[in-house]
Amino acid sequence: MEFLRPTSLAEALDAKSAQPDAVPIAGGTDVMVELNFDHRRPAALLDLTRVGELAEWTVTPSGTRLGAGVTYARIIAELGDRLPGLAMASRTVGSPQIRNRGTVGGNLGASSPAGDTHPVLLATDATVEVASVRGTREIPIGKFYRGVKRNALEPDELITAIHLPAGTGPQQFSKVGTRNAMVIAVCSFGLALHPEGNRVGAGIGSAGPTPIRAVEAERFAAEELSWESPKPLTDSVARRFGELVAAAATPIDDVRGTAAYRRHALSVLARRTLTWAWKDYARCA
Ligand SMILES: Cc1cc2nc3c(=O)[nH]c(=O)nc-3n(C[C@H](O)[C@H](O)[C@H](O)COP(=O)(O)OP(=O)(O)OC[C@H]3O[C@@H](n4cnc5c(N)ncnc54)[C@H](O)[C@@H]3O)c2cc1C
């Protein structure tokens, strides 16, 4: 197996263009598992760990540009205040070892519906920046996921960064698993309040072939919440929001849980996270 080791983004894009079947490897926490189990035997690996451009994050006029190779440990340590929802999701990923290696670019590259960053990226209106020798393009997160472990990347493209708009309201992430740590989500949920537009973002994980945006639930909550002079959230609004989130999911029965359990758990996660986020918003409004 060839092991390509570019030291700049330009070199990495040249290598991907010359060998589109080369498999990128960032933290390796998904790729190495696949190699170890012989699920994949690529002709070449494209090591991205020496590409400094991918490991940077910067503040932009509209928010944060997060390099695809920034690890979960760094998001938690450096970006908890700017990207609270993503930091919450990052804290639930794997173990300290996995968080030291694993990256959001890798989570997107793998595109598993169970990946923990996806619900938050959907709820916060993230954009995925991808590049090739042909140029750079930005893909709205809702158009990135194309099926189970499939995404909108062309064979010669790499994920270079994730753009996250500056959050103006509280964000939440919640995950159900069979235990508290080192667990693949049975289902998960990300929520963001966007008071600048009186909007709510709601993303569902591990309950469908791709991560899903709960559009009806978002609309319902945006209309029902008293943005200008916040009143306590009523039980009926919280419950209806939970029901609409559960209705947006398309889960299956599998070894981790039944479809019915996932729908029920999602309605609970949605209700709780909306209650927590709204309390935070009302306190600061
Ligand atoms: C023990 C264990 C526990 C885990 N727990 C969790 C968990 O709790 N939650 C969770 O979401 N995940 C979990 N994972 C899965 C994994 O850690 C995450 O998906 C992680 O984000 C992968 O990042 P990485 O940098 O290691 O990716 P890699 O393994 O390097 O790559 C993953 C995929 O993305 C592609 N890729 C990587 N970077 C790029 C790029 N810049 N451009 C294009 N393609 C790219 C690779 O080719 C590959 O297909 C766990 C894995 C292990 C082994």
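Every heavy atom of this structure was used, including side-chain atoms; hydrogens, water molecules and symmetry mates were not. First listed ligand is number 1; within each ligand, the first listed atom is number 1.
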Visitor: Carefully, step by step, assess R213 and E218 under the rule side chain to side chain contact (heavy atoms under 4.5 Å, CB included).
Guide: CA-CA 9 Å; R213 191 157 194 155; E218 289 179 346; 2.8 Å; yes
Visitor: What is the closest protein heavy atom to atom 48 (C) of ligand 1, and at what distance does it sit?
Guide: V31 CG2, 3.5 Å
Visitor: Would you mind telling me if ligand 1 is within reach of the side chain of R40, the backbone, both or neither, using heavy atoms under 4.0 Å?
Guide: side chain
Visitor: Are any non-hydrogen protein atoms located under 4.0 Å from atom 25 (O) of ligand 1?
Guide: yes
Visitor: How does L153 reach ligand 1, by side chain, by backbone, by both or by neither, if only non-hydrogen atoms under 4.0 Å count?
Guide: side chain
Visitor: For V33, which part has a heavy atom under 4.0 Å from ligand 1: side chain, backbone, both, or neither?
Guide: side chain
Visitor: With respect to atom 37 (C) of ligand 1, which of G109, A22, G106 exhibits the smallest heavy-atom separation?
Guide: G106
Visitor: Got an N/O contact under 3.5 Å between G94 and ligand 1?
Guide: yes
Visitor: So that I can tick it off, tell me whether E154 and R134 are bridged by a salt bridge, with the cut-off set at under 4.0 angstrom between side-chain N and carboxylate O.
Guide: no
Visitor: What is the closest protein heavy atom to atom 15 (C) of ligand 1, and at what distance does it sit?
Guide: D30 OD1, 3.3 Å
Visitor: Hey, are E196 and T168 close enough side-chain-wise for a donor-acceptor pair under 3.5 Å?
Guide: yes
Visitor: Using a 4.0 Å heavy-atom threshold (strictly under), name the region of K16 that reaches ligand 1: side chain, backbone, both or neither.
Guide: neither
Visitor: Among all protein heavy atoms in this structure, tell me which lies nearest to atom 16 (C) of ligand 1, with the distance rounded to 0.1 Å.
Guide: T29 OG1, 3.2 Å
Visitor: Which residue and atom name correspond to the protein heavy atom nearest atom 44 (N) of ligand 1, and how close is it?
Guide: P24 CG, 3.8 Å
Visitor: In the protein, what heavy atom is nearest to atom 21 (O) of ligand 1, and what distance, to one decimal place, separates them?
Guide: Y72 OH, 2.6 Å
Visitor: Do me a favour and list the nearest non-hydrogen protein atom to atom 1 (C) of ligand 1 with residue, atom name and distance?
Guide: M182 CE, 3.6 Å
Visitor: Nearest to atom 13 (C) of ligand 1, what protein heavy atom do you find, and at what distance?
Guide: V93 CG1, 4.1 Å
Visitor: May I ask you to decide whether E224 forms a salt bridge with R240, counting only side-chain N to carboxylate O separations under 4.0 Å?
Guide: no
Visitor: May I ask you to identify the nearest protein heavy atom to atom 41 (N) of ligand 1, giving residue, atom name and distance to one decimal place in Å?
Guide: I159 O, 2.9 Å
Visitor: Answer with side chain, backbone, both or neither: which part of L108 has a heavy atom less than 4.0 angstrom from an atom of ligand 1?
Guide: neither
Visitor: If every non-hydrogen atom of D156 is compared with every non-hydrogen atom of S132, which pair is closest and at what distance?
Guide: O-CB, 3.4 Å
